[in-house]
Amino acid sequence: MSDAVPDLATTGAAAAATTERGTATTPDGPLRLRFCPAPSGWLHVGSVRAALYNWLVARRSGGTFVFRIEDTDAERATLDSARSMTEALAWMGLDWDEGPVLAADGTLGSRGAHGPYLQSERAALYAAVGRRLVDAGHLYPDLRTPAELEAWREQHRSGTAGGGPPVVKRSTAAHSEEELARYAEEGRVASWRLATPEAGSITVVDLVRGPVTFEWAHVSDPVLLRSDGSATYPLANVVDDVAMGIDLVCRGEDLLSVTPRQILLADLLVADGLIDAALAEVGLPPRDAAWGPPRAWAHLPMVVGMDRKKLSKRHGSVAIQEFRRQGFLPETLRNHLALLGWSHPAGEERFDDADLTARFALEDVGRSAAAFDVEKLTTFNGERIRALNPAELADRLLPHLDGTEGEAALVGRPPSDAELAVVRGLVPLVQERMQRLDEVEAYAAPFLGDVGYDEAAVAKHLATDAGRAALDAAAAALDGCTWDEGALEAALRAAAEGLGVGFGKLAQPVRVAVTGTTVSPPLFGTLVLIGRERTLARLDAARTLAAGG
RNA sequence: GCCCCCGUCGUCUAGCGGCCCAGGACGCCGCCCUCUCAAGGCGGUAACGGCGGUUCAAAUCCGCUCGGGGGUACCA
């Protein structure tokens, strides 16, 4: 790399005029969009919503959805996280045309013609681009240490340096002869910054926010190459967006202020075929000849918790796999997340993917931060569970019964025929009273295992004179009764009448006797599914319990 | 400190100068149904942050103010 400090006129600063970029409406034609999380931690609802919006626009335009892992920070990025995010995105049903693919054995493969899609595998490209940017004079060396920089910024922030915002510009980074000599002696290695214009302004016409103007004088020159030679996010992100032909950048509002320098860089990369030369040099696939730099931007409002604070561990279910574990359907999440910032033109709130892709538009996305409401999600989820056909519900319930999603292993994996029959028989009993799939565990226990008697329930409904009388009457009525809902209902109602009590007075003791708790699906269906043998046995056991023995 | 964004029921939102003493959804409350829990049906509660303008007329336009958020990293 050349250490020569290039003339200002040869750098991006030459573009110091006032410029405007972006579009007021989504561009026509097939669009390439991407979702590019940094792999540290889990995917949370905010990220997934961004992924969803990108996916929707790509699908609606008949374009391409690219998934890229931005693991340029070796300190924080982990492969486990990358795997987890890949799995989460797949579970959400946001299928991508290009990007990493998680194989059954846990390794990350790849699909698409413009990879690799893990930035850690593209280091050579960033180095090649960096070298060319330096040679072209767009980057300049900064020999200050992080500590020195921080001290410098602190001075400016507190105003003790005599005013001026803490903005790093080439003019503030110039080193004197003495400094250079000293640094050389110390063996310091430079980091390289992108020279942004010192004056003028740029207006980003954002699809959700409209025009937003930034003064270049307020834009700090970002470090593109760390002193160890590695690429930073400001470099890698833009290089890949350009190399992968991203048309529309849709991401969180937290990246809005970084857009000006990204536009500048993207232009530099495309100009004179710099990116193409670098791609060829390192042997990566060439860009499509028609691709230019990104031409549209959309910055989504943040997603906050119900306490209006930024999403964090405190908010519980932030990791998307937590929703999976709790039995939320991915289609519910898609529906509900779409509503977090966007609203259907016709005011509809329940819709499927087809309606969503047909109607969704970034221009209709709101501008204020939205709180994620789990209550509403839960209601929506219950509605969708009710709308499922019974056979499919049974299939979706299995992972919550065999230990895949929860702790309980009420059935084998795979389930036996008998277990499967019970689960299928259970569906009509629980479908209309479930909001989450994981609730099936509690409902299913009495049908698939032994009853555990709830003490309070026993005390209230069994161990009383009325309870004992009810159990005796029920046992007598059920003995020899035909085992179908109609006959059971007739027999038990008659028994209640015989006791001279309302049906409820008989039903609750029986319910507790058979299921162990006061809450269960409707009694007659429950008895049918549990079967004569077990019902009568449990009634007997309950009578013993009720007698205090 | 500096830059940028945002501000309608508890929550998600509709509203883009008169149709709004503000509509829908979730929640909440009440009633109906009912063998428990649900589901379902019906009804109800609840908001334009504040102050100044502009206008015959403002939730809608403008200014200020207050409040919230983001950025200000050799994190992304």
Side-chain angles (χ1 to χ4, degrees), chain A residues 36-40 70-73 75-77 142 144-146 149-150 153-154 156-160 163-168 190-193 204 206 209 212-215 217-220 222-228 230-234 236-237 252-259 299 301-302 304 306 308-310 336 339-345 347-350 366-380 382-383 386 430-435 439 443 457 461 489 492-493 496 502-508 510-512 515 517-524 526:
Chain A
C36 50
S40 67
E70 305 219 318
D71 52 346
T72 50
D73 182 3
E75 296 284 304
R76 307 184 190 201
D142 189 344
R144 290 171 290 184
T145 63
L149 277 164
E150 191 40 50
R153 280 193 201 94
E154 201 39 59
H156 283 263
R157 268 196 281 261
S158 59
T160 54
V167 176
V168 177
S191 63
W192 291 81
R193 291 182 186 273
V204 181
D206 190 273
R209 267 148 231 287
V212 182
T213 301
F214 298 87
E215 295 295 326
H218 295 138
V219 175
S220 249
V223 168
L224 262 36
L225 295 170
R226 299 189 180 94
S227 48
D228 68 1
S230 66
T232 60
Y233 159 82
N237 177 264
E253 185 192 5
D254 50 337
L255 265 356
L256 177 59
S257 61
V258 115
T259 308
H299 287 92
M302 305 306 292
V304 297
M306 285 304 271
R308 293 264 117 199
K309 293 284 163 53
K310 200 174 176 181
H336 188 252
L339 254 10
L340 206 56
W342 173 82
S343 61
H344 189 115
E348 295 296 320
E349 296 217 312
R350 341 270 151 147
R367 293 155 303 279
S368 52
F372 185 74
D373 184 357
V374 188
E375 293 290 329
K376 187 164 179 175
L377 174 76
T378 305
T379 297
F380 275 29
E383 291 175 3
R386 263 162 259 140
V430 299
Q431 183 161 21
E432 73 177 21
R433 65 199 79 239
M434 282 202 305
Q435 302 219 269
E439 290 163 14
Y443 281 124
H461 297 287
E489 174 161 12
L492 289 174
R493 283 194 187 280
F503 182 63
K505 299 290 185 198
L506 179 83
Q508 277 308 78
V510 175
R511 187 187 313 281
V512 173
T515 68
T517 74
T518 55
V519 177
S520 86
L523 194 55
F524 314 121
T526 297

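- Here B/A38 is the nucleotide among B/C35, B/C12, B/A38 with the atom lying nearest to any side-chain atom of A/Glu432.
- Among B/C5, B/A76, B/C75, the nucleotide with an atom closest to any side-chain atom of A/Val258 is B/A76.
- Put simply, A/Arg226 has a side-chain N or O that comes within less than 4.0 Å of OP1 or OP2 on B/C75.
- Listed candidates were B/C4, B/A38, B/A76. Nearest to the side chain of A/Phe214 is B/C4.
- The base of B/C35 is paired with the side chain of A/Arg511 by a donor and an acceptor separated by under 3.5 Å.
- Base engagement by A/Pro522 is indicated by at least one non-hydrogen atom pair under 4.0 Å involving a base atom.
- Summarising the base pairing, B/G67 is matched to B/C6 through a Watson-Crick or G-U wobble pair whose two defining distances lie under 3.5 Å.
- Contact annotation: side chain of A/Ser257 to base of B/C3, donor-acceptor pair absent below 3.5 Å.
- Under 3.5 Å, the side chain of A/Arg209 and the base of B/C5 form no donor-acceptor pair of N or O atoms.
- Across B/C74, B/C12, B/U36, the shortest atom-to-atom separation from the side chain of A/Val519 is found for B/U36.
- Base pairing of B/A25 is made with B/U11, judged by Watson-Crick or G-U wobble geometry with both donor-acceptor distances under 3.5 Å.
- Counting heavy atoms from C-beta outward, A/His299 and A/Thr259 have side chains that approach closer than 4.5 Å.
- Between the C1' atoms of B/G30 and B/U8, the separation comes to 27 Å (whole Å).
- Which of B/C26, B/C4, B/C12 sits closest to the side chain of A/Leu256 comes down to B/C4.
- Minimum atom distance to the side chain of A/Leu339 is reached by B/C12, of the listed B/A76, B/C12, B/C74.
- Among the nucleotides B/C35, B/C26, B/C12, the one closest to the side chain of A/Arg493 is B/C35.
- Checking B/G30 for Watson-Crick or G-U wobble geometry (two distances, each under 3.5 Å) identifies B/C42 as its partner.
- B/C75 and B/U13 are spaced 34 Å apart, taking the P atom of each and rounding to whole Å.
- Distance check on atom P: B/G69 versus B/C31 gives 41 Å, rounded to whole Å.
- A 3.5 Å limit on both hydrogen-bonding distances identifies no Watson-Crick or G-U partner for B/C20.
- Across the interface with RNA chain B, nearest-nucleotide mapping of A/Gly347 and A/Leu340 shows A/Leu340 to be the residue nearer the 5′ end.
- A 3.5 Å limit on both hydrogen-bonding distances identifies no Watson-Crick or G-U partner for B/A47.
- Proximity of A/Thr378 to the phosphate of B/C26: no side-chain N or O atom is located under 4.0 Å from OP1 or OP2.
- Within the 4.0 Å cut-off from OP1 or OP2 of B/U34, not a single side-chain nitrogen or oxygen of A/Arg433 is found.
- Between A/Arg367 and B/C4 there is no side-chain N or O to OP1 or OP2 distance below 4.0 Å.
- Between B/A76, B/C26, B/C35, one nucleotide has an atom nearer to the side chain of A/Ala507 than all others, and that is B/C35.
- Residue A/Leu523 is classed as a base contact, given a heavy-atom separation below 4.0 Å to a base.
- Separating the P atom of B/A22 from that of B/G49 is a span of 15 Å, rounded to the nearest Å.
- Separation of the P atoms belonging to B/G52 and B/G15 is 28 Å when rounded to the nearest angstrom.
- To the nearest whole angstrom, the two P atoms, one in B/C48 and one in B/G7, are 16 Å apart.
- Checking B/G69, B/C26, B/U11 against every side-chain atom of A/Met302, the shortest atom distance belongs to B/G69.
- Contact detail for A/Pro522 and A/Arg433: the closest heavy-atom pair is CD-NH2, 3.2 Å.
- The residue among A/Gln508 and A/Tyr233 whose nearest nucleotide of RNA chain B is located toward the 5' end is A/Gln508.
- Ranking B/G40, B/C74, B/G10 by closeness to the A/Arg193 side chain, first place goes to B/C74.
- Under the Watson-Crick or G-U wobble criterion, with both distances below 3.5 Å, B/G1 is paired with B/U72.
- With a 4.5 Å cut-off on side-chain heavy atoms, A/Leu492 and A/Phe503 count as touching.
- Applying the 3.5 Å distance criterion, the base of B/G24 shares a donor-acceptor pair with the side chain of A/Glu349.
- Between the C1' atoms of B/C42 and B/G63, the separation comes to 48 Å (whole Å).
- Rounded to whole Å, the P atom of B/C37 lies 15 Å from the corresponding atom of B/C28.
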